[in-house]
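Worth knowing before you read on, the calculation uses all heavy atoms, side chains too, and leaves out hydrogens, waters and symmetry mates.
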Amino acid sequence: MFRRWWSVAATVAAVVGVLAAAALLRGSPQDEAVAPADRVASSMSAQEWAAEPDLPGAEVRAEAVRVVESFTGSVEEKDALSLIEAYAGNAALDACMAEKGIPEWDWSLSRSYAIRGDPLTSQLWLQEPLRRWESENLLANQPFLQAEVVMNNPDPATDEASSACLAELGPEVGSKEAELATPRVIDRLTRQWYAMVAKSGQALGLPAADGYWACMDAADIAVLDDQDLPASEIGPALTGWRPDRDEIPTSVEDAERWASAGWQRLLAGEDEFFRADWECRRDVYSAHIEQMLPRIRQFEQEHAVEIAEARNAWTDVMAEAARLGYDGQRGPLGG
């Protein structure tokens with residue numbers, strides 16, 4: 001019924017995946033677990049989970065985020081684009097459903113949600129330390145998961161009306177793309193940025209990654225040991241420890257699900273990996289993170305014209321999304 005869209009958010013994710021596959025799946029901070037019964041960690045509260053660690057390079061990371069989001073868009077801007085795309089693909093169906101007596105059918109249920117990125121992720125040694133990216137991503141995606149339940153379980157009247165509408169509208173329903181074309185400059189800048197970060201290793205004299213992987217593989221990390229995986233497979237390992245859907249909190253305020261065994265097991269797994277990752281990278285990261293600041297600012301200066309073009313595109317996106325009722329809220333708009 002709904003069409004899922006390829007957007008700038010997806011493009012950025014793909015670019016990062018191509019340029020930094022090793023760093024993303026192999027070397028992101030993550031941590032502890034409960035594999036053997038005697039390694040059960042104490043539960044982690046939502047406040048502990050959300051606490052910002054006091055680590056070196058805060059100014060550098062803030063600058064990197066500011067520059068990258070100036071052309072890739074912020075989470076709010078990417079969400080706005082996803083909303084526009086959901087409307088483009090489903091507005092005709094929405095109108096038809098209203099005509100058939102189902103005005104509460106919501107075209108915005110199908111909107112996707114962006115997640116914050118790490119602008120230094122393509123350089124293993126300089127990735128964001130102590131970032132719980134698996135649980136963070138699961139929480140960020142909760143509005144869509146909840147909407148998906150509604151989409152996949154329509155009541156009989158809604159199901160009948162949607163079937164009739166789909167038959168009337170024909171196979172092209174859901175195929176209309178958003179008229180706001182995203183400039184190619186955004187994709188180009190994104191690739192150039194992550195390539196610059198990746199190449200900074202040689203420029204800054206960072207050591208080879210072999211020492212990091214040897215350190216991590218020797219760390220005896222439960223989420224890896226439990227699945228007999230090396231540290232380079234932390235992405236799949238954490239995916240293997242994802243809790244059932246009904247154990248993933250709907251938000252940080254969802255105390256019942258936050259305390260669930262499956263969710264706490266994942267948090268423990270992340271926390272153990274995290275801390276091992278930081279111990280293996282701490283000295284190199286701390287010695288070199290400040291050296292990235294001139295490179296970040298140089299990139300911004302060299303690409304000022306292109307970044308301004310990207311900014312204008314995001315301004316248009318936000319204006320169009322506001323016309324549809326978007327003011328930064330997450331979840332379906334309700335109509």
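The line from CG of Leu267 to CZ of Arg132 is 7.5 Å long, rounded to the nearest 0.5 Å. Rounding to the nearest 0.5 angstrom, the gap separating the OG atom in Ser200 from the CG atom in Leu120 is 7.5 Å. Going from atom CD of Gln301 over to atom CD1 of Ile296 covers 12.0 Å, rounded to the nearest 0.5 Å. In this structure, the separation between NZ on Lys199 and CG on Leu204 is 14.0 Å, given to the nearest 0.5 Å. The distance from atom CD1 of Ile248 to atom CG of Asp254, rounded to the nearest 0.5 Å, is 11.0 Å. Rounded to the nearest 0.5 Å, atoms CG (Asp220) and CG (Asp225) are 4.5 Å apart.
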- request: Assess whether side chain to side chain contact (heavy atoms under 4.5 Å, CB included) is satisfied between Gln291 and His288, documenting all intermediate values.
  value: CA-CA 5 Å; Gln291 297 172 6; His288 295 281; 3.2 Å; yes

field: Trp213 and Ser232: CA distance, side-chain angles, deciding distance, side-chain hydrogen bond (donor to acceptor under 3.5 Å, both in side chains) verdict
entry: CA-CA 7 Å; Trp213 294 118; Ser232 59; over 6 Å; no

task: Mind running side-chain hydrogen bond (donor to acceptor under 3.5 Å, both in side chains) on Thr72 and Thr190 for me, showing each step along the way?
output: CA-CA 7 Å; Thr72 65; Thr190 301; 5.8 Å; no

message: Is there a side chain to side chain contact (heavy atoms under 4.5 Å, CB included) between Ser135 and Trp263? Walk through the geometry before answering.
response: CA-CA 8 Å; Ser135 57; Trp263 183 248; 3.5 Å; yes

- request: Mind running side chain to side chain contact (heavy atoms under 4.5 Å, CB included) on Tyr87 and Asp94 for me, showing each step along the way?
  value: CA-CA 9 Å; Tyr87 181 78; Asp94 182 70; over 6 Å; no

task: Apply the test salt bridge (charged side-chain N to carboxylate O under 4.0 Å, His left out) to residues Arg311 and Glu77: give CA-CA distance (whole Å), side-chain angles for both, the deciding distance (0.1 Å), then the verdict.
output: CA-CA 11 Å; Arg311 261 306 82 217; Glu77 287 169 334; 2.9 Å; yes

task: Give the intermediate values and the outcome of side chain to side chain contact (heavy atoms under 4.5 Å, CB included) for residues Phe144 and Met151.
output: CA-CA 10 Å; Phe144 178 78; Met151 289 187 285; 3.7 Å; yes

message: Assess the residue pair Glu148 and Arg245 against the criterion (salt bridge (charged side-chain N to carboxylate O under 4.0 Å, His left out)); give the C-alpha distance rounded to whole Å, side-chain angles, the decisive distance to 0.1 Å, and a yes or no.
response: CA-CA 12 Å; Glu148 191 175 46; Arg245 177 178 288 199; 3.0 Å; yes

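In terms of modelled atom types and a separation under 3.5 Å, the side chain of Arg257 and the main chain of Thr250 share no donor-acceptor contact. Although no hydrogens or angles enter the test, the distance criterion places no donor-acceptor pair under 3.5 Å between the side chain of Asp226 and the main chain of Ala222. For Gln227 (side chain) and Ala237 (main-chain N/O), a donor-acceptor pair under 3.5 Å exists by modelled atom type. Side chain of Gln264 to main chain of Trp258: a donor-acceptor pair is present (N/O by atom type, distance under 3.5 Å, no hydrogens or angles). The backbone N or O of Lys78 lies less than 3.5 Å from a partner atom in the side chain of Ser82, making a donor-acceptor pair. Side-chain atoms of Asn153 come within 3.5 Å of backbone atoms of Val149 as a donor-acceptor pair (strictly under, hydrogens ignored). Judged by distance alone, with hydrogens and angles left aside, the side-chain atoms of Ser45 form a donor-acceptor pair with the main-chain N or O of Glu48 at under 3.5 Å. A donor-acceptor pair is defined here as one N or O able to donate and one able to accept, closer than 3.5 Å; no such pair exists between the side chain of Glu63 and the backbone of Val60.
Taken together through direct or relayed side-chain contacts under 4.5 Å among Ile, Leu, Val, Met, Phe, Trp and Tyr, Leu293 and Ile307 form part of one hydrophobic cluster. Leu145 and Leu139 fall into different hydrophobic clusters, where Ile, Leu, Val, Met, Phe, Trp and Tyr residues are linked whenever their side-chain heavy atoms come under 4.5 Å apart, directly or through other members. Ile115 and Leu81 fall into different hydrophobic clusters, defined by Ile, Leu, Val, Met, Phe, Trp and Tyr side-chain heavy atoms under 4.5 Å apart, directly or through other members. Note on Leu189: it does not cluster hydrophobically with Val75, by side-chain heavy-atom contacts below 4.5 Å among ILVMFWY residues. Put simply, Met196 and Val65 are part of two different groups of oily side chains (I, L, V, M, F, W, Y) that touch within less than 4.5 Å, one to the next.
Smallest separation of non-hydrogen atoms from Pro56 and Ser286: CG-OG, 3.6 Å. Nearest heavy-atom pair across Pro230 and Leu224 is O-CD2, 3.4 Å. Residue Leu93 comes nearest to Cys165 through the heavy atom pair CD1-CB, 3.5 Å, listed as atom of the first residue, atom of the second, then distance. Closest approach of Ala219 and Ala276 over heavy atoms only: CB-CB, 4.0 Å. In plain terms, the two heavy atoms of Ser110 and Trp107 that are nearest each other are OG-O, 3.4 Å. Taking every heavy atom of both residues into account, Ser108 and Leu333 meet most closely at OG-N, 2.7 Å.
Between Val67 and Pro119, every side-chain heavy-atom pair lies at or beyond the 4.5 Å cut-off. Using a 4.5 Å heavy-atom cutoff, the side chains of Val197 and Arg295 are not in contact. Counting heavy atoms from C-beta outward, Leu206 and Leu126 have side chains that approach closer than 4.5 Å. Side-chain atoms of Asp187 and Arg191, non-hydrogen and from C-beta on, do get closer than 4.5 Å to each other. Side chains of Leu83 and Tyr113 form no contact here, defined as non-hydrogen atoms less than 4.5 Å apart. In this structure the side chain of Glu256 never reaches within 4.5 angstrom of the side chain of Glu247, judged on heavy atoms. Counting heavy atoms from C-beta on, the side chains of Glu76 and Gln329 never come closer than 4.5 Å. Side-chain atoms of Arg281 and Pro129, non-hydrogen and from C-beta on, do get closer than 4.5 Å to each other.
Side chains of Trp105 and Thr158: a donor-acceptor N/O pair is absent below 3.5 angstrom, by distance only. Neither side chain, Asp118 nor Trp133, offers a donor N or O lying under 3.5 Å from an acceptor on the other. A side-chain donor from one of Tyr212 and Asp277 sits under 3.5 Å from a side-chain acceptor of the other. Checked by atom type, the side-chain pair Ser251/Glu253 shows a donor-acceptor distance below 3.5 Å.
Between Glu302 and Arg297 there is no salt bridge, since no side-chain N of the basic residue sits under 4.0 Å from a carboxylate O of the acidic one. A salt bridge is defined here as a Lys NZ or Arg NE, NH1 or NH2 lying under 4.0 Å from an Asp or Glu carboxylate O, and Arg66 with Glu300 meets this definition. Ionic pairing of Arg188 and Glu309 is not present here: no N-O contact between side-chain nitrogen and carboxylate oxygen is shorter than 4.0 angstrom. Ion pairing of Arg116 with Glu128 is present here, as a side-chain N (NZ or NE/NH1/NH2) and a carboxylate O approach within less than 4.0 Å. Contact check on Glu85 versus Arg111 returns no salt bridge, with no Lys/Arg side-chain nitrogen under 4.0 Å from an Asp/Glu carboxylate oxygen. Using a 4.0 Å cut-off between charged side-chain N and carboxylate O, Asp79 and Arg330 make a salt bridge. A salt bridge does not link Glu52 to Arg131: none of the charged side-chain nitrogens sits closer than 4.0 Å to a carboxylate oxygen.
Taking the ring centroids of Trp125 and Tyr285, they lie at or beyond the 6.0 Å cut-off.
Note that Arg265 lies in the cation-pi zone of Trp241, set by a 6.0 Å cut-off to the ring centre and a 45° limit from the axis.
Shown here is Asn152, whose CG atom has more than 12 heavy atoms of other residues, nucleotides or ligands within 6.0 Å.
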